[in-house]
Every structure is written in C-alpha cells, then in structure tokens.
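Beneath this line is the structure, given in structure tokens, with notes to follow.
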Amino acid sequence: MELKNDLVINLLTNVGDILEILGESVYKIRAYRKAVEALKEITEDVENLVKEKKIEDVPGIGEAIGGKIKEIVETGKLYYLDKLLKQIPLEVTSLMKIEGIGGKTAGRLYHELGIKSIKGLEEAIGNGLLLSLPGFTEAKVAKIANALKSVKSEQKPLPNIEQHAFKISDFLVNTNLLLKVDIGGSFRRKKSTVRDLDIHAVGDPANFEQVMKLFTEMTEVSEVIVTGSSKSTVKLVNDLNVDLRLLEENSYGAGLLYSTGSRAHTIKLRTICDKKNLTLNEYGLFKEKNDELIASLTETEIYKAMGMSFIPPELREDRGEIEAAMSNSLPRLITREDIMGDLHIHTNWSDGKASLKEMITAADNSSLEYIAITDHVGKIPIYRPLNKTRFNEQKKELENLVSDFEIKILHGIEVDITKEGKIDAPKEMLIEAEFVIASIHSLFDLSEEEMTQRILTAMDNEYINAIGHPTGRMFEKREGYNLNFSKIVEKGKETNTFLEINAQPNRQDIDDYIVFDIRVKLPVYIGTDAHYTKDLENITWGINIARRGWCEKKHLLNCLGYKELLRKLKH
DNA sequence: GCCGTTTTCGGCCCGACTGTTTTCAGTCG
C-alpha cells in the first residue's frame with residue numbers, strides 16, 4: 001500500500017486555494033495552510049495516524065480537518081473538495097502562482113471575466129478584455145502582463161546561490177552607505193533550498209533613498225517588483241528574488257530576528273508576546289500599553305526579554321525550539337569541530353577524479369581523524385566500478401600509503417542495491433570491506449512500499465553498515481522517492497545499519513525534518529560523497545542539515561572517535 | 001478551522017508597499 005501523505009497534502013492544499021478564491025474566512029484558510037505545513041513535516045504514515053486515531057494529535061489538525069484526512073486516506077477522495085470545485089474549477093488556482101495575484105484577484109478574474117487559466121489571462125490581456133474590468137487600469141494590466149513572465153519563484157539549492165548572496169551583500173557593503181549588512185531568511189537558517197534572499201541592513205535613514213536606488217539599479221536586476229523607502233524586492237537575471245529591508249541601527253537585533261524568520265517561528269514568538277502584553281515587530285520588543293521599548297539591539301537581548309535563551313537560526317522553524325529556549329533545554333548543536341570523520345569518499349579507482357593519495361592528503365590536511373574510502377562496486381553506470389581484483393589492488397596501494405599519514409583510513413565500498421534489495425557485490429568483498437554503504441542507483445520509480453522493502457532487505461544483509469543517499473533525490477533532476485522511515489528506522493536499530501546525510505550540494509539527502517524525527521532513534525552520519533578533493537568541503541552542507549535536525553554529538557556517528565566508531569559497526 | 005497557564009467561545013502576528021480605495025483592501029513576507 002502506498003503512503004497517502006502526498007495525496008492528503010495535495011487535496012488539502014487545493015481546499016485552501018479554493019477557499020481563498022471564494023473569499024472564505026482568512027482564519028479558515030490559515031487553518032488549512034497550517035495543517036498542510038504540519039503534514040509536510042512528519043515522516044510517519046498518515047494512514048497509520050488515522051488508524052491509531054492519532055491524527056488530531058498533530059498540532060494544527062483538529063476534528064474537521066482530521067475527519068477530512070480520514071476520508072482521503074480511506075476513499076482517496078474528498079467530497080468537500082469536489083463540492084468546492086463545482087463553484088471554482090481547480091485550474092483557477094494556477095492564477096495565484098503569478099506574483100501579485102492572490103485569491104481575491106483570481107476570484108474576480110474568474111467570476112467577472114470567466115478567466116480560468118494563465119493562458120486565458122494572457123488572451124484577456126491581448127484582446128483588451130482585462131482593461132474592461134473596474135479597477136484594472138492600463139498600469140495595473142501592464143504590471144500583470146509583466147508578472148505573467150515570472151511565476152512565483154521556485155526553491156533553489158542553497159549551495160547554488162551562496163555566491164550570488166555574498167556578491168549582493170558585498171555590493172551593499174561597498175556602497176559605504178550602511179553600517180551592517182546581513183543575509184537573513186532561509187539562507188541564514190541554512191535551509192537546503194531557498195526561495196529568495198532576505199537582506200537586512202541598518203544605517204542612517206538619510207542614506208536609505210540612495211541605497212534603494214543603487215540596489216534596484218544593480219546590473220544583475222532584471223525587474224523591480226516593489227520598492228519603497230525601507231523595503232524593496234527585485235528579481236535578478238538568474239530568476240532569484242532579493243528583498244532588502246533597511247532599518248535604523250538601534251533596531252538591528254529586532255530587524256535581524258524579523259528578517260531571519262521563519263514565519264512560523266516569528267508568529268509563535270509574537271503569539272507568546274501577546275499573552276505577556278508585549279508587541280514584537282521588526283523595530284523592537286515593546287510594552288503593549290505605552291509602546292515603551294524593552295529590547296531591540298541584539299537578538300540575544302530580545303530572546304532574553306521574552307524569557308528565552310538565544311535560539312540558533314537553524315532551529316527557528318517552530319519545531320519546539322521556543323519551548324526548549326524557555327526551559328533552557330536547547331540542544332547543543334554539532335559544529336564543524338565535532339566532525340571526526342568523513343565516511344563516504346570516492347577516488348579514481350571508480351568514478352572519483354582524485355587519486356587515492358590525493359584524497360588522503362587532502363583529508364589529512366583537514367582536521368579529520370579518519371575517513372572511509374568507499375569506491376563503487378556493482379553494475380552501476382560508471383566507467384569502471386571495483387571488482388574483487390581491483391579492490392585488492394586498491395587495498396595494497398592503501399597499505400603502502402597509510403604509513404605516510406596520520407589520518408586513519410577505513411577501506412570501504414559503496415555497493416548497489418538491486419531492484420529486489422540484493423547487494424550487487426561478491427561476498428568476499430563485503431567481508432573484507434571495513435565500511436559498506438549500500439545505495440540505490442537505478443529504478444527510482446518503484447512504489448513507496450517496494451522502495452521501502454528494497455531498502456529493508458538490503459539492511460538485513462549482515463555486511464551492510466549504512467544506506468547512502470536514502471531518498472535518492474537530486475535537485476533540479478528528480479524528486480526523492482518516499483520511504484516509510486518508521487520501518488527503516490526500526491530495521492536500522494535491529495540490524496545496526498545507519499542512515500546517511502549525503503552532503504553533496506545537489507543531493508542533501510536526507511532532509512532535515514527527517515533527521516529531526518529519527519535522530520534519537522537511530523544515529524545518522526554525514527558523508528560528503530566526494531569525487532574531487534575540494535568536495536571534502538561539502539561537509540558544510542551536511543552539517544547544516546544535522547544542525548537543522550537538532551543533532552548533538554551523540555546523534556552523529558562521525559562525531560565518534562575512530563576506536564568508538566569501530567566498536568559501533570556491526571563487523 | 002483550531003485552540004486553551006484569562007480553556008469550549010472568541011479570539012487568531014505585524015507591518016510595508018501598491019493602487020486610486022479619499023481611508024483602505026489586497027498581497028506579500
């Protein structure tokens with residue numbers, strides 16, 4: 001049986017969109033949005049939650065939405081949505097993907113002009129129909145026509161946009177018109193993917209007009225979406241949206257807190273403030289009655305004034321960090337210095353580009369205590385995977401090299417998991433290899449149950465230490481397959497098999513919310529999957545995921561020293 | 001529609017920018 005999580009998320013999203021077009025209560029719409037967000041953050045099978053009558057335990061899901069989820073799980077359909085769709089066709093919701101068009105405008109376009117789709121909207125602009133609509137002036141129509149070219153921006157892998165982000169903040173710093181420039185938003189929270197950049201800067205308001213002019217006229221800007229004296233949004237030629245928020249220096253901490261978000265974190269903070277008769281905004285924390293300023297200079301002061309310890313940006317997702325900060329029980333997140341080893345590295349013995357010696361030299365020069373060399377074995381589409389003979393040759397080369405280095409080396413392999421969950425490698429190699437990663441490299445479109453079973457079967461193999469890039473996602477190439485993680489974690493505990501956080505920029509697999517869920521049940525480890533020596537630096541992306549997943553040293557296999565690690569492995 | 005350290009009703013985060021609304025609704029973050 002398939003997991004129904006995606007279906008439930010889709011149908012409830014549709015309900016939210018249609019309700020928005022119908023102009024329903026914003027609180028009702030918000031309730032559906034919140035329920036969808038909550039469902040995206042759980043790794044459990046929604047069907048099981050329904051069966052065990054635990055679905056209403058999920059925060060944001062109550063009796064009404066819980067009942068609808070039950071109906072979707074049991075019948076695959078939702079009568080309530082079907083009824084709504086008799087009033088508004090589903091396609092109308094596509095209009096809301098255009099910048100500046102929300103539910104109200106989409107509703108008017110449909111009701112007053114019969115426009116159902118983006119294509120219909122283009123036609124209505126072309127033949128002048130849109131101009132006939134009250135309130136739609138030439139300027140407004142031109143703006144919509146322009147916005148049509150760009151649907152609301154997509155998520156992009158953080159590593160791909162890091163350089164753009166620094167370039168823009170450098171540009172702002174170099175104007176010499178600002179005192180401090182910070183990149184906030186999901187960039188500062190170190191999310192694997194970001195939708196836009198939120199830049200926060202403080203300075204003398206006398207300079208703001210000039211800063212905004214320089215910002216909106218940067219050569220990389222393809223379009224100015226909004227611009228005002230304290231806030232502007234531009235679209236860059238590479239389709240990245242950048243927000244710039246300017247504040248006075250004495251609002252620095254409050255502005256950074258606001259800029260960093262997340263939205264859910266901010267809302268929770270403000271809700272708590274409300275109960276304490278405080279108001280929190282981007283200018284500061286105030287007493288509600290008399291507007292008296294309580295704190296604004298630093299984030300630490302503001303958190304403290306709200307009765308909390310400083311919350312690292314990576315945790316600001318309303319996953320319990322606020323409650324933990326109030327009870328002084330935030331996790332001691334891992335740092336770069338805590339990482340003792342890298343357990344997934346390739347060399348030119350398979351599809352890596354660096355030699356064994358080059359890789360070891362590079363790793364030895366970093367602060368690592370150990371690495372695992374894990375070249376490919378099995379029928380995978382690369383030029384030259386290892387066979388038994390070459391594995392032995394590699395071992396010999398390794399033995400000759402080790403004395404020259406301080407770093408400890410596990411001679412491992414990465415093996416392929418076949419469709420049936422078998423391990424495509426000779427047993428002698430599995431016995432001899434000191435760290436065996438099993439990964440899926442083909443047939444990605446099996447059902448959820450088949451994929452889960454495929455991995456469970458592989459984990460049952462007594463020589464497998466770890467599952468590499470567990471969901472197989474590759475940004476801008478393919479979605480990851482869904483897995484039943486509760487079953488996989490159970491099997492991991494039973495068989496002493498661990499899950500990888502693959503740190504390749506285009507993988508970043510598994511996601512932080514999965515790590516958050518499983519970390520206390522089964523240790524994880526970060527592997528760079530390096531193919532070049534410089535790829536060893538990709539460990540950063542894995543650390544981001546681990547930190548966002550609330551990992552402390554005890555949750556990560558590669559925070560163990562070499563000897564402790566060996567004791568943990570099953571062979 | 002959800003929720004509760006003022007708890008089963010009456011609230012629900014807060015503010016900037018846009019357009020044409022002469023006082024605010026819509027959209028966004």
Side-chain angles (χ1 to χ4, degrees), chain A residues 12 15-16 19-21 23-38 55-69 80 95-109 133-144 147 152-153 184-186 194-200 208 212 216 224-234 241-247 251 254-255 257-286 288 291 306-307 318 322-323 326:
Chain A
L12 294 183
V15 170
L19 291 178
E20 205 169 331
I21 292 168
E24 262 286 355
S25 145
V26 290
Y27 301 111
K28 191 169 175 177
I29 295 162
R30 194 178 296 171
Y32 278 93
R33 302 287 185 224
K34 205 175 170 197
V36 166
E37 289 311 308
I55 191 71
E56 288 178 35
D57 294 348
V58 178
I61 295 178
E63 201 181 331
I65 294 182
K68 289 182 175 71
I69 293 173
Y80 179 60
L95 297 173
M96 291 162 64
K97 292 196 168 66
I98 300 164
E99 286 268 8
I101 296 185
K104 289 283 172 4
T105 311
R108 284 196 65 195
L109 292 172
L133 207 57
F136 282 69
T137 59
E138 292 213 19
K140 186 164 175 171
V141 171
K143 196 168 174 172
I144 291 174
K152 285 165 190 167
S153 55
S186 43
V194 302
R195 207 166 58 82
D196 54 18
L197 289 177
D198 297 284
I199 300 187
H200 160 249
F208 288 177
M212 284 306 188
T216 54
V224 178
I225 295 172
V226 291
T227 182
S229 57
S230 78
K231 186 177 156 179
S232 293
T233 303
V234 298
N241 277 17
V242 185
D243 292 347
L244 175 61
R245 185 67 212 264
L246 302 177
L247 288 159
S251 291
L257 185 62
Y258 162 82
S259 254
T260 302
S262 67
R263 177 108 94 242
H265 179 83
T266 308
I267 289 173
K268 178 65 94 43
L269 289 180
R270 288 175 176 179
T271 307
I272 288 169
C273 284
D274 202 46
K275 286 178 188 140
K276 298 182 174 184
N277 290 321
L278 302 171
T279 303
L280 176 67
N281 57 33
E282 57 267 54
Y283 300 102
L285 179 68
F286 301 90
E288 212 159 42
D291 270 7
M306 292 186 293
D318 191 21
I322 290 171
E323 293 78 359
M326 287 195 286

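A note on names: the letters A, B, ... follow the listed sequences, proteins ahead of strands, and every chain is numbered from 1.
Among the nucleotides B:dC14, B:dG1, B:dA16, the one closest to any side-chain atom of A:Lys231 is B:dA16. Side-chain atoms of A:Arg245 lie closest to B:dA16 of the nucleotides B:dG19, B:dG1, B:dA16. Checking B:dG1, B:dG26, B:dA16 against the side-chain heavy atoms of A:Glu282 singles out B:dA16 as nearest. Residue A:Thr227 has its side chain nearest to B:dT18 when only B:dT18, B:dC14, B:dG1 are considered.
Counting non-hydrogen atoms under 4.0 angstrom, A:Arg33 reaches nothing in the nucleic acid. In this structure, A:Ile65 reaches the sugar-phosphate backbone alone: every heavy-atom distance under 4.0 Å involves primed, P, OP1 or OP2 atoms, never a base. Nucleic acid contact for A:Leu269: none, since no nucleic acid atom lies under 4.0 Å from a heavy atom of the residue. Nucleic acid contact class of A:Gly261 (heavy atoms, under 4.0 Å, all strands): none. Residue A:Gly103 is classed as a sugar-phosphate contact, given heavy-atom separations below 4.0 Å to backbone atoms only. A:Thr137 comes within contact range of the sugar-phosphate backbone alone, with a heavy-atom separation under 4.0 Å but no base atom that close. Among the protein residues, A:Thr105 comes within range of the sugar-phosphate backbone only, with heavy atoms under 4.0 Å from sugar or phosphate atoms but none that close to a base.
Salt bridge annotation for A:Arg263-A:Glu37: absent, with no cationic side-chain nitrogen under 4.0 angstrom from a carboxylate oxygen.
Comparing A:Ile225 and A:Tyr258 along DNA chain B, the residue whose closest nucleotide (by nearest heavy atom) sits nearer the 5' end is A:Ile225. Toward the 5' end of DNA chain B, the nearer of the two residues A:Gly62 and A:Gly102, judged by each one's closest nucleotide, is A:Gly62.
Proximity of a side-chain donor or acceptor of A:Lys68 to a complementary backbone N or O of A:Leu12 within less than 3.5 Å is not detected.
In this structure, the CG atom of A:Asp243 is 12 Å from the P atom of B:dC28, given to the nearest Å.
Proximity of A:Ile65 to A:Tyr32: side-chain heavy atoms (C-beta onward) are separated by under 4.5 Å at one or more points.
The nucleotide B:dT8 finds no pairing partner, because no Watson-Crick or G-U wobble arrangement with both distances shorter than 3.5 Å includes it.
Paired with A:Val242 under the rule side-chain contact (heavy atoms from CB on, under 4.5 Å), one option of A:Thr233, A:Asp196, A:Leu197 passes, and it is A:Leu197.
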